[in-house]
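The sequence lines fix the lettering, A, B, ..., with proteins before strands; numbering per chain opens at 1. When reading the values below, keep in mind they use all heavy atoms of this one structure, side chains included, and skip hydrogens, waters and symmetry mates.
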Amino acid sequence: MNGPWVEKYRPKTLDDVVGQRHIIEHLENYVEEESMPNLMFTGPAGVGKTTTALALVKTILGEYWRQNFLELNASDARGIETVRTNIKNFCRLKPVGAPFRIVFLDEVDNMTKDAQHALRREMEMYTKTASFILSCNYSSKIIDPIQSRCAIFRFAPIKGQDIAKRLEYISEQENIDYDESAIEIIVYFAEGDMRKALNLLQAASSGEGKITEDKIYNVVSKARPKDINDMITKALTCDFMGARDLLRETMVLQGTSGEDMVNQIYQDVTKRAMEGNMDNEVYIDLIEAIADSDFRIREGANPRIQLEALLTKFL
Amino acid sequence: MRWTEKYRPKIFDDIIGNGKQKKEVETWVTNWKEGKPQQCLLLVGPAGTGKTTFAHVIANEFSDFIELNASDKRSYDIIMNTVGESATTKSFFTGENNYRLIILDEVDGIHGTDDRGGTRAIGKIIKDSIHPIVMTANDFYSKRLTTIKTKCKVIKIGKVHTNSINALLKRICVKEGIGADPEAVRVLAKGANGDMRSALNILQAIAEDSKKLRMSDLEIVSQKDNTNNIFDSVRRVLKSKSIDKIKNSLILDEDPTFVMEYIAENIPREYEKDSEIKKAYDMISEADLYFGRAQQSRNYTYWRYASDLMGVGVASSKEKTYKKFTRLTGAMAFSLMSRTRGKRSLRDKISEKMSEKLHMSNNVAISMFPYFEIMFENDDVAYDIATFLDLDEDEIKRFRKRKIPKSVIKRKEKERQEYLAKNKLESKSEENLPDSFKTIKSPSQDKSSEKSVTSPSKAKKSNNSKKLDESKTKQQESSDNLIISDNVENYKKNNNSKENNNSFVESKGNGSEVDNDSIAENKNNTSKKDSSSKKDNDSKKTKEDSAQKSLFNF
């Protein structure tokens with residue numbers, strides 16, 4: 001099935017996982033010992049947390065992995081209710097044909113503190129029958145009691161050369177012609193995020209012919225919401241209301257998360273400065289403001305309100 | 001008996017205050033009685049000023065009345081059933097001028113979701129009714145009134161003057177035999193702030209038994225919270241600089257974050273200088289931070305800081321008070337949300353499908369949308385991804401404007417059918433096997449595929465030239481992959497559904513039944529495994545057919 005490549009080319013075994021060697025080696029020990037502690041994978045997006053977890057689960061649980069594995073990702077309801085019923089029900093049962101059962105929870109940092117506390121009880125109660133793998137972007141958002149119950153593995157952004165190798169491999173699989181420089185550009189824009197790299201590659205390859213540098217630039221500029229650029233231009237030209245409307249549309253309608261918005265605003269501002277369209281002083285003031293908003297959003301403030309406030313800094 | 005009921009005026013003459021409005025209402029009633037149908041009446045004003053009293057006094061003038069107030073559920077159906085019919089029909093036996101008054105109390109309190117369609121029903125009744133209608137509302141600016149108020153004769157009922165309330169209280173004190181300190185009565189009247197109901201309630205609470213009213217008594221009963229209208233508060237914050245007034249105006253019966261949204265919304269509408277907007281928004285951002293902290297830590301004392309920041313902070317961000325009239329609006333972000341409900345739910349439906357099949361959260365899925373838009377420009381890729389994710393037509397439309405051409409769909413489906421047919425021939429022998437055998441067999445098959453995945457990929461590390469091998473592996477992997485998602489789905493279903501095997505087994509709850517569980521689940525999975533074994537065959541097939549491998553991935 002020729003679905004999205006992010007899934008088609010998801011490594012299936014620990015060996016195949018790209019990068020993260022030191023982590024994989026540790027995990028392979030668990031496979032040998034047929035036991036593992038609760039794990040927490042933390043790191044930025046697209047570096048292989050979910051992939052590693054799935055590969056580990058399959059290897060360690062063997063042929064009956066499906067029966068002994070529960071995956072709940074962030075879009076499933078994961079309030080206290082789920083933790084107390086679904087996860088509990090799963091953990092209560094004895095493992096069948098495997099040494100233990102595994103629960104995989106994605107983006108735990110987006111769970112409420114209350115749900116995290118409920119989860120911590122489950123982690124304690126079923127140590128004999130079940131292990132947990134948690135993944136998150138920021139371990140700082142996880143309550144201490146959970147952190148202390150886990151072996152924490154920090155995933156680093158994937159190295160450029162590793163991404164490049166993977167892209168070349170996939171291109172050959174798909175019979176796609178490419179320029180070396182195009183791969184380089186993808187690696188540059190991916191910033192260590194394999195998912196982004198694959199999406200770029202697949203999007204660029206959906207047109208006719210060979211993948212060139214230009215095509216990548218084209219995809220990047222199309223995929224980057226134009227609204228952000230317009231919004232910043234509006235704010236810089238003192239049309240605050242117009243900029244604010246665009247911000248709301250992007251966030252409410254398109255559903256762009258606060259974090260993504262901050263990233264894109266940062267990139268756009270940087271681009272303007274690099275192209276010489278912004279004074280150093282103005283630039284650094286804006287960066288300070290962006291950093292401040294970023295920090296506050298992570299502290300739990302309302303992203304939209306914070307970004308509206310950020311826009312006033314451009315006036 | 002509550003004094004507010006006991007002393008509720010029965011005729012126009014007894015109504016206190018609002019003289020002009022009283023006349024208007026009287027004319028309205030007389031006109032009806034003379035057989036001249038009038039527009040329906042909308043009485044707007046703060047609580048306790050006599051709107052409902054007005055309505056009931058009017059009711060006494062007519063032969064019959066029906067009332068629907070906030071305590072009743074008021075959805076479209078309910079309103080139409082209770083009031084709708086009587087609004088358009090006339091009693092058989094009554095004379096020509098015998099109208100039935102329809103009273104709709106507190107129409108601005110019609111709830112958006114619980115009373116779905118309520119405002120629509122009222123609009124319809126206003127249009128169709130042959131009987132007089134009186135409606136009351138507190139908040140003239142309420143969203144729910146926007147359509148209604150254009151069709152009505154609006155009469156604004158003002159606060160009752162302190163002196164009038166004072167006189168009323170004195171009169172009641174005499175009637176009830178209360179020895180009242182005139183000063184205390186005056187303070188009570190003033191504190192009521194135009195709200196007669198509140199004044200009467202307090203008086204009754206203090207003096208009904210003791211028959212006395214002293215200054216010291218007033219201290220124990222707290223005055224009614226002066227809840228303000230949200231727009232009044234926002235206007236106060238933006239127009240005033242007096243700490244006292246601003247702090248008072250923020251005593252509101254609303255979620256404070258909601259108030260903050262309203263203030264933020266209107267900052268750039270009122271403030272003109274960029275520096276003012278900047279400063280004011282700084283305060284909002286700071287307030288918001290404390291709201292966030294309050295919620296996270298459950299320490300709601302933070303609210304007071306937030307409230308000061310968004311109130312006094314925003315107020316003192318202006319250099320001077322602008323002498324202009326600003327049309328304040330509600331928080332546009334909220335109305336944007338309700339306007340775009342359809343689009344957002346489409347977005348969420350897609351991202352849900354993605355999150356299940358691609359092991360990612362909704363947010364990550366949404367971040368892939370722009371790439372999908374580009375990929376979907378290619379008909380074949382669009383078809384492949386749409387099939388993989390099981391997208392319906394509307395969902396495909398989210399990524400491309402044109403439908404996928406029929407010819408492409410036909411071709412793709414044919415390819416798939418042909419492929420499946422070819423495959424069937426080969427797997428026929430296996431399909432004839434008894435079910436039980438298959439169930440046992442399939443997991444081991446899985447295992448073998450798993451192993452074959454592992455070994456060549458290990459070789460890959462040492463030797464890059466084995467690319468052919470790898471391509472085979474890939475095929476297996478991708479089919480394998482489908483199985484994963486199928487099973488995850490299956491698992492989720494198992495875990496969610498109430499009749500699921502897990503909970504059934506578990507309710508008996510002991511170790512020996514665990515095996516049952518696995519059998520049950522195996523049965524559940526049998527069908528899936530069937531298809532999985534087919535897929536394994538697919539991939540074997542693909543090895544031989546490497547030229548067409550990219551086409552036949554099904």
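- The choice from A/Leu310, A/Thr50, A/Ile87, A/Val219 that makes the most heavy-atom pairs within less than 4.5 Å of chain B is A/Val219.
- Of the two parts of B/Phe376, neither the backbone nor the side chain holds a non-hydrogen atom closer than 4.5 Å to a non-hydrogen atom of chain A.
- Side-chain contact annotation: B/Arg344 with B/Thr340, donor-acceptor N/O pair under 3.5 Å present.
- Side chain to side chain, A/Tyr9 and A/Glu174 meet the donor-acceptor criterion of an N or O pair below 3.5 Å.
- The most heavy-atom pairs under 4.5 Å with chain B, out of A/Gly62, A/Pro4, A/Cys238, come from A/Pro4.
- For B/Arg298, the part lying near chain A is the side chain, with the backbone staying farther off; criterion is any non-hydrogen pair under 4.5 Å.
- Evaluation of the salt bridge (Lys or Arg N to Asp or Glu O under 4.0 Å) test over residues 306-315 of chain A, restricted to residues two or more places apart or in two chains, returns A/Arg248-A/Glu308, A/Arg304-A/Glu308, A/Lys313-B/Asp282.
- Atom CZ of A/Phe295 is surrounded by 12 or fewer heavy atoms from other residues, nucleotides or ligands within 6.0 Å.
- Note on B/Glu373, B/Gln295, B/Arg269: by heavy-atom pairs under 4.5 Å with chain A, the leading option is B/Arg269.
- Residues B/Met354 and B/Phe369 are in side-chain contact: their nearest non-hydrogen atoms beyond the backbone lie under 4.5 Å apart.
- Put simply, of A/Leu307, A/Asn302, A/Leu311, A/Thr85, the one with the most heavy-atom pairs under 4.5 Å next to chain B is A/Asn302.
- When heavy atoms are compared at a cutoff of 4.5 Å, A/Asp260 approaches chain B solely by way of its side chain, counted from C-beta outward.
- Using a 4.5 Å heavy-atom cutoff, the side chains of A/Leu253 and B/Leu336 are not in contact.
- Among B/Ile374, B/Ile267, B/Asp288, B/Asn378, the residue with the largest count of heavy-atom pairs under 4.5 Å with chain A is B/Asp288.
- If you measure heavy-atom distances from B/Met260 to chain A, the contacts under 4.5 Å come from the side chain alone.
- Only the side chain of B/Ile366 comes within contact range of chain A, with heavy atoms under 4.5 Å apart.
- A cation-pi arrangement is present between A/Arg101 and A/Phe90, with the terminal nitrogen or guanidinium carbon under 6.0 Å from the aromatic centre and inside a 45° cone about the axis.
- Contact of A/Leu14 with chain B is not made at all, since no heavy-atom distance falls under 4.5 Å.
- Contacts of A/Val6 with chain B are made by side-chain atoms alone, with heavy-atom separations under 4.5 Å and no backbone atom involved.
- Neither the backbone nor the side chain of B/Glu276 comes within contact range of chain A; no heavy atom of the residue lies under 4.5 Å from a heavy atom of that chain.
- Using a distance-only test at 3.5 Å, with no hydrogens or angles considered, a donor-acceptor pair links the side chain of A/Lys49 to the main chain of A/Pro44.
- Only the side chain of B/Glu377 comes within less than 4.5 Å of a heavy atom in chain A; its backbone stays farther off.
- With hydrogens and angles left out, the side-chain atoms of A/Glu107 and B/Asn363 include no donor and acceptor closer than 3.5 Å.
- Heavy-atom pairs under 4.5 Å with chain A were tallied for B/Lys343, B/Met368, B/Met337; the largest tally goes to B/Met368.
- Both the backbone and the side chain of B/Glu286 come within less than 4.5 Å of a heavy atom of chain A.
- Within 6.0 Å of the NZ atom in A/Lys215, the count of heavy atoms belonging to other residues, nucleotides or ligands exceeds 12.
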